Each structure stands twice: as structure tokens, then as C-alpha cells.
Amino acid sequence: MYALKDLPKEELFCSGHRLCAGCAHPISVRMITKVLRGPTIMVSTTGCLEVSSSIYPHTAWKVPWAHVAFENGAAVASGIEAAFKAFRRRKVTDKRVDIIAICGDGGTYDIGIQAISGALERGHDFVYICHDNEAYMNTGIQRSGATPKGAATTTSPAGKEIPGKPEWKKDFIGICIAHGIEYAATATPAYWGDYLMKVRKAIEVDGPAVINVLTPCPLGWRYESKDTIKIARLAVLTRYFPIYEYEKGKYKLNIKVPKPLPVEEFLKIQGRFRHLFKPEFKKDLEEVKLYVEENWNRILKLCGET
Amino acid sequence: MSKIIGLSGNEAAAYAAKQSKVDVVAAYPITPQTIIVERFSEYVANGEVETEFICVESEHSAMSACIGASLAGARVFTATCSQGLALMHEMLYIASGLRLPIVMDVANRALSAPINIHCDHSDMMGSRDCGWIQVFCENVQEVYDWTIQAFKLSEDLDVLLPTAVNFDGFTITHAMEDVNVLEDSDVEEFLSIRKTKYKLDPDEPMTFGALTLPDYYFEVKRQQEEAMKKAYEKYVNVVKQYEALSGRAYNYLHEFMLEDAEAAIICLGSTAGLVRQVAKKLRNKGRRVGVLKPWLFRPFPSKELLKALENVKSLAVLDRSLSFGAPFGPLCSDVITTLFSEEKTIPVFNVIYGLGGREITPKEVEDIFNLALKAAKTGKVEEKVKFVGVRE
Ligand SMILES: Cc1ncc(C[n+]2csc(CCOP(=O)(O)OP(=O)(O)O)c2C)c(N)n1
């Protein structure tokens with residue numbers, strides 16, 4: 001567990017970046033940079049974080065950082081990791097460098113899944129952190145494989161017939177775990193102690209480790225900038241986003257929610273779900289609620305909490 | 001010191017990469033390049049190299065991993081062709097835009113559809129404008145020599161551009177030849193270790209791959225073009241230094257019997273051997289013909305080309321790829337542009353040949369020379385673009 005006063009004061013992700021007010025990306029990045037183990041190299045894929053933090057000739061990154069493209073964060077990280085392995089073998093350097101990829105859900109769940117699968121299967125020693133804001137925000141709020149059912153996006157709009165995205169969210173963590181990796185977890189910046197602990201754990205793992213962190217987006221989710229952390233917390237307290245970890249074959253529920261708030265508490269303060277409260281889409285709202293319950297029970301079971 | 005060993009084109013590529021002491025190889029198999037990856041895996045399995053070999057899940061990731069490793073300061077090698085090169089396409093621009101001296105051997109192969117595993121140059125021509133230095137090899141010896149020289153040229157701090165070393169699928173990849181190879185220590189001395197000012201280094205944090213808007217993007221691209229010019233200048237030093245080491249002399253172009261030639265053929269890669277053989281035969285019959293083979297295709301050796309063709313009165317340019325809907329094939333377009341830019345107006349015609357591995361015969365080459373000789377006399381060409389060896 002971390003105490004606030006023990007965290008380094010130094011900011012490795014500086015102010016002056018151009019992310020939106022209330023965006024969870026910089027909050028998450030600042031948290032990550034507080035628990036680094038030593039020399040670190042970071043990688044990002046194309047997306048909000050990248051375009052807003054590296055506008056030449058400025059940069060918000062005080063750690064070595066590279067962006068290559070949208071779909072290859074894991075592959076680029078693989079190459080960097082391999083380079084340092086080769087350097088150590090040749091005794092060019094004896095440095096151990098931690099490699100962290102911070103990528104959006106589009107670059108992760110969709111277009112990047114092949115590169116991630118390849119990197120996990122090969123067992124590269126790196127941490128993959130997915131900033132899951134549940135849509136492609138950089139291109140203007142389009143659906144991704146991480147978008148939940150019922151959310152309105154510009155490519156899954158809420159129309160007269162179809163109330164937002166018809167499909168469920170992909171189980172990205174499940175996909176990663178199925179690769180036989182040692183460590184995977186979900187997190188949100190609302191539970192910062194839990195998140196920091198997980199980032200550091202993931203870094204300590206000798207091999208690939210994955211964290212899917214829920215990063216609310218005021219623009220895409222349509223809520224007020226000041227509510228980011230509140231919404232991130234509601235996601236957990238309504239059991240919409242279970243916070244758990246998987247370590248060497250064992251699941252653990254990190255945030256227990258014995259008395260959940262109604263799912264509506266999470267849904268109703270966001271514009272992207274507004275249509276679900278129309279009478280004609282009552283069935284869909286019920287489906288979402290049922291899904292949240294079933295998913296929670298699934299995770300409880302995995303965590304041996306039932 | 002050197003020795004002669006029997007190697008196929010693919011084995012020569014792997015052997016050269018091994019001697020170049022690459023730090024990272026990330027590659028994915030594709031016919032007819034696969035053997036490069038296999039041979040290199042054997043070196044790794046036998047502990048003959050210190051290289052980190054990443055057996056990636058696709059060519060897109062192969063180039064992505066190469067980019068990551070090169071950003072970290074590593075010497076990086078990969079190989080591919082055809083569909084694999086096409087899958088890398090997006091990454092090729094990023095490798096050159098980030099100024100990474102990656103070396104990639106391309107065992108040229110036709111592109112789908114229809115699927116075909118045999119040679120033509122459509123794959124690399126499809127990536128013609130991606131900002132890579134491109135050389136074309138004629139035989140196995142050249143594959144070996146160019147793979148080593150490519151690192152020298154790419155890693156020059158004034159250049160910092162990736163290089164594609166092209167050689168014809170099956171014709172060169174699978175042909176076994178006697179190859180003069182250098183001592184490991186000679187290659188080590190020729191290349192030394194990769195030096196770089198800019199890399200992913202926790203001691204000196206830098207940002208790579210930044211977003212560059214209309215206020216800077218153009219300047220970056222202009223610098224890339226300047227780097228191509230530098231590559232053009234530095235090229236001479238590289239081949240001269242390599243000649244001192246190996247005794248094998250390379251240049252921008254290989255010239256054959258051009259001084260007094262009336263008609264000439266220009267072509268890339270393995271076809272040049274056959275064309276020279278036919279030219280020799282025609283010379284014996286008193287026909288004044290010559291052959292020009294560019295080694296360097298990007299940057300395009302315009303100045304040297306003009307000089308080599310000073311006395312030539314007509315020209316046939318052989319293209320082993322199509323640029324659909326364009327006036328000419330890619331090589332011919334460059335040649336005509338070059339001639340026109342210096343107001344050199346001689347009859348030129350384009351021959352499209354050999355797509356998907358179709359052989360070109362000595363008789364066909366002879367016919368092309370005869371057409372060129374006729375054009376030299378009349379000053380006219382009847383058919384600007386001629387398809388040779390295809391059933392109409
Ligand atoms: C091959 C390719 N296709 C499409 C794009 C356009 N594009 C850039 S960022 C992006 C979406 C990013 O979404 P996500 O990964 O979820 O990150 P976010 O911006 O939401 O943080 C897309 C579609 C691209 N850069 N490359």
C-alpha cells in the first residue's frame with residue numbers, strides 16, 4: 001500500500017499538455033510515473049494521449065517516450081525490450097530498463113489485438129496498460145470493442161430503432177489471461193492506491209503484465225469535467241466495472257462492493273446512456289443491468305468469493 | 001582475407017546479417033524469403049550470434065519491433081517480400097520518417113491477386129516512395145555485399161535512412177553460388193558498432209514520434225529528402241571503402257559496352273546477366289549494343305545515368321512490374337524523366353516483362369535489342385510500351 005506522502009513529488013508527465021479538462025489519461029499517467037522502479041521507457045499508440053502530449057516542438061514526457069502507430073504498441077515495446085536484452089548480452093550496458101506501453105482501448109481491443117497477442121505469447125518483459133475510455137475518442141467518439149452495450153457513439157448512435165451499441169464489451173483481460181501470462185488486472189484512477197500497487201506489481205513481473213484501467217472521458221461520455229473521478233468511482237460502486245487482479249493463476253477481487261448502488265447511478269449522469277431511460281428502450285436498460293449483474297457474478301466466481 | 005563458400009541468396013543474406021553483428025532481428029517467414037529467417041534461427045539456436053531474434057506474429061509487427069529496437073539504438077535487420085512487404089507498408093514510412101537505419105532484405109515476389117510466389121518487382125515498386133534507400137542485386141555475391149554495405153550507408157549519421165536490399169525471388173534466393181565472403185573481423189572493422197546521437201535512453205529522455213502539425217511537418221519531410229541527397233553523396237565512400245576491403249567494385253550503375261553503343265537496354269536485378277550475354281553475342285555480329293544496370297534505385301542515380309548514356313542513340317527500359325494506368329513502368333518513368341530534364345531526346349521504349357516469375361528468353365532480349373537498334377536508326381519508336389513474353 002502506498003501513502004500519499006511517500007510518493008515522489010517530481011512529475012514525469014508535465015503540465016502544458018493539451019488533453020481536455022477532466023480527461024483521465026493524464027491523471028493515470030501521473031499515477032503510473034509515481035511508482036516506477038528505475039530507468040523506464042514508455043510507448044504509446046496513436047490516440048488522444050499521444051496527440052495531446054507530444055505536439056512538436058513540445059513534449060509532456062520527461063521519460064524517454066515513443067509513439068510509432070495506432071496498432072503496434074506491444075510490437076514496438078517488444079523491439080525495445082529485445083534491444084536491451086541484446087545490449088546486456090553484448091555488455092553494451094548492464095542497465096535493466098522497464099518498458100511500459102500506455103495505449104488506448106481502440107489500439108488495444110481492436111486494431112492492436114494481434115500485436116498484443118503476439119507479444120504476450122512471446123513473453124516479452126513489459127507492462128501493457130490500456131487506457132480504456134470505451135471508444136475511439138481521438139477520432140471523435142466512435143465505437144470500439146471496449147464500448148459497452150447501449151452506449152451511444154458516433155458510429156453506434158442512439159437512433160429510433162437501435163439504442164446505441166448493440167454488442168457487449170470484449171473481455172480483454174480474459175483474452176490476455178488466456179495467453180498464460182503471470183499478471184493481469186483492472187483498475188481505475190478513483191482507487192489510486194489499488195492502481196499504484198498494481199502498476200508496480202506489473203513492473204516487478206518478469207514477463208508481460210497487463211492492466212486495463214477505466215479512464216472516463218468527459219467529451220465522449222458526456223458529463224461535466226469535474227465528475228471524472230466520481231464517475232470512475234461510480235463505475236466500481238455500481239459493480240459496472242469490477243476491480244480485480246489475476247496473479248499466477250489466482251484471481252482476487254480487490255474492491256468488494258457488498259452494497260452496490262443501482263447501475264442507473266452510473267448510467268444516468270452520462271449523456272452516452274441517456275436514451276436508455278426512454279420508455280421504448282426499457283428492455284435494453286434491463287439487459288444492461290442484467291449483464292452487469294451476471295458479469296459481477298462471473299468475476300466473483302473467478303475470485304472464489306461465492 | 002576472404003574465403004569462398006557455396007551459399008544461396010537467402011543464406012548469403014543471413015550470413016551477412018550475422019557478420020554484421022546485428023543486435024535485433026524481427027522477422028516473419030514468407031516464400032521465397034523464408035530461408036533467411038530459418039538460417040538466422042539456426043545461428044541463434046547454436047549460439048553463433050548474440051542477436052536477439054524476435055519471431056513475430058506478422059510482418060507488421062516485424063517492422064514495428066524493428067522500429068522499437070532501432071529507436072533504442074540497436075542495429076536491426078529483417079527480411080520479407082510481397083504480401084509481407086505490403087503488410088509492412090505503413091511502418092516503412094514510419095521507419096524512414098523516424099530516421100532509423102534498419103536494413104531489410106527483400107526477396108522480390110509478385111503480389112496477390114492472383115496469388116503467385118514467383119519473382120517480379122511489384123512489391124518494392126509499391127513501396128517506391130516510402131523514403132527508403134533501395135538497391136537491387138544481380139546475384140548471390142551482390143546480396144552478400146549489399147547487405148553489409150547497407151548498414152554502413154544507413155547508419156551514417158548524415159544519412160540515417162533505412163535500406164532495402166532487393167534481390168529476385170527464387171532466381172537469386174534459391175540459386176547456390178560461390179560467394180566470396182569476408183572474415184568476421186573485417187566486417188566488424190568495416191561496420192564497427194552502431195553509433196547514434198538520438199535514442200530511447202533513460203539517461204537522456206527524448207520524445208520520438210511526436211505529432212507534427214502544418215507548422216513543422218513539411219520541414220521534417222524536406223530534411224528526409226536532404227538525407228536522401230546525403231545518402232547519394234556518401235554512397236561513393238561506402239562502395240570505395242568496401243572495395244578496398246573486398247576487392248569488389250560497386251558503383252551507382254553497372255555499365256557494359258556503352259561507350260560506343262547505339263542502342264542500350266536498362267534493367268534491374270538478375271535479368272542484367274542475361275541481357276549482357278545477349279549483348280555480347282550481338283557485339284560479335286557487329287551490332288553496337290550496351291547494357292546499363294542501376295544498383296542504386298533510390299536515391300535515383302540521374303547524374304550518372306545521363307553520363308553513362310551520353311553516346312547512346314536509343315534505349316529500351318525493362319520493367320518487371322506495372323504501374324497500372326501510368327504512362328510507363330516505374331523504372332522507365334524515372335529514366336524518361338531524367339533524360340527529359342536534361343533535354344536529351346532519344347527514342348525510348350518501355351518493356352514490361354517477367355511478371356509473376358515468367359522467364360524472359362535470350363531470343364526475346366535479342367528482339368528488344370533489334371527494336372532499339374531500329375529506333376536508333378529511324379529516331380522513332382513504334383510501340384512506347386511493349387509487353388514481352390505474355391500471351392495477348
Ligand atoms: C491504421 C490506422 N487507422 C486509423 C487511424 C485513426 N485513428 C487515430 S487514433 C484512433 C482512435 C484512438 O482510439 P483509442 O485507442 O481508444 O484512444 P483514445 O483516443 O480514445 O484515447 C483512430 C481510429 C490510425 N491512426 N491508424
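In what follows, chains carry the letters A, B, and so on, assigned in the order in which the sequence lines appear, proteins first and then strands, with residues in each chain numbered from 1. The structure presented is a predicted model; accordingly, all values stated were derived computationally and were not measured.
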Applying a strict 4.5 Å limit to non-hydrogen atoms, the region of B:Lys21 in contact with chain A is both
A:Pro57 and B:Tyr216, any side-chain heavy atoms less than 4.5 Å apart
yes
| request: Take A:Gln114 and B:Ser58, measure what side-chain hydrogen bond (donor to acceptor under 3.5 Å, both in side chains) needs, and give me the verdict at the end. | output: CA-CA 9 Å; A:Gln114 175 186 306; B:Ser58 75; 2.9 Å; yes
Notebook entry, point to check: In terms of heavy-atom contacts, does NZ of A:Lys201 have more than 12 from other residues, nucleotides or ligands at under 6.0 Å?
Noted result: yes
Most heavy-atom pairs under 4.5 Å with chain A, out of B:Ala72, B:Ser64, B:Ala26, belong to B:Ser64
Q.
For a 4.5 angstrom cut-off between non-hydrogen side-chain atoms, does B:Ile54 reach A:His124?
A. yes
Scored by heavy-atom pairs under 4.5 Å with chain B, the best of A:Glu71, A:His58, A:Glu50 is A:Glu71
Most contact-rich option vs chain A, by heavy-atom pairs under 4.5 angstrom, among B:Gly73, B:Ala62, B:Ala95, B:Ser70, is B:Gly73
Checked A:Lys62, A:Met42, A:His67 vs chain B; the most non-hydrogen pairs under 4.5 Å come from A:His67
Applying a strict 4.5 Å limit to non-hydrogen atoms, the region of B:Leu200 in contact with chain A is both
Cut-off 4.5 Å, heavy atoms of chain A, and the answer for B:Val76 is neither
Heavy atoms of A:Val68 and B:Ile94 approach each other most closely as O-CD1, 3.0 Å
Please assess A:Lys95 against B:Asp203 for the test side chain to side chain contact (heavy atoms under 4.5 Å, CB included), listing each intermediate value before the final yes or no. CA-CA 11 Å; A:Lys95 205 176 277 169; B:Asp203 290 335; 2.5 Å; yes
From the list A:Ala115, A:Ser78, A:Gly38, the residue making the most non-hydrogen contacts under 4.5 Å with chain B is A:Ala115
Cut-off 4.5 Å, heavy atoms of chain A, and the answer for B:Glu204 is neither
**OP:** Would you indicate whether the side-chain heavy atoms of A:Phe87 and B:Asp23 approach each other to under 4.5 Å?
**Re:** yes
More than 12 heavy atoms of other residues, nucleotides or ligands under 6.0 Å from CG of A:Leu219: yes or no? no
Taken to the nearest 0.5 Å, the spacing of A:Ile80 CD1 from B:Ile67 CD1 works out to 10.5 Å
On a heavy-atom basis, the closest approach of B:Thr207 and A:Thr59 is OG1-OG1, 2.6 Å
Answer key: most heavy-atom pairs under 4.5 Å with chain B among A:Ala83, A:Ser117, A:Ala74, A:Ala75 is A:Ala75
Can you establish whether the number of heavy atoms outside B:Glu219 located under 6.0 Å from its atom CD is more than 12? yes
| message | Any side-chain to backbone donor/acceptor pair from B:Thr212 onto A:Tyr56? Under 3.5 Å, distance only. | response | no
Bottom line for A:Arg90: the part with an atom under 4.5 Å from chain B's heavy atoms is both
Looking only at A:Ile41, A:Leu12, A:Val92, most heavy-atom pairs under 4.5 Å shared with chain B are made by A:Ile41
With chain B, the option among A:Val97, A:Thr46, A:Thr93, A:Val63 that has the most non-hydrogen atom pairs under 4.5 Å is A:Val63
Whatever's closer than 4.5 Å to a heavy atom in chain A on B:Met91 counts as side chain
Here the gap from B:Glu50 atom CD to A:Lys85 atom NZ, rounded to the nearest 0.5 Å, amounts to 14.5 Å
OG (B:Ser61) and CZ (A:Arg122) are apart, to the nearest 0.5 Å, by 6.5 Å
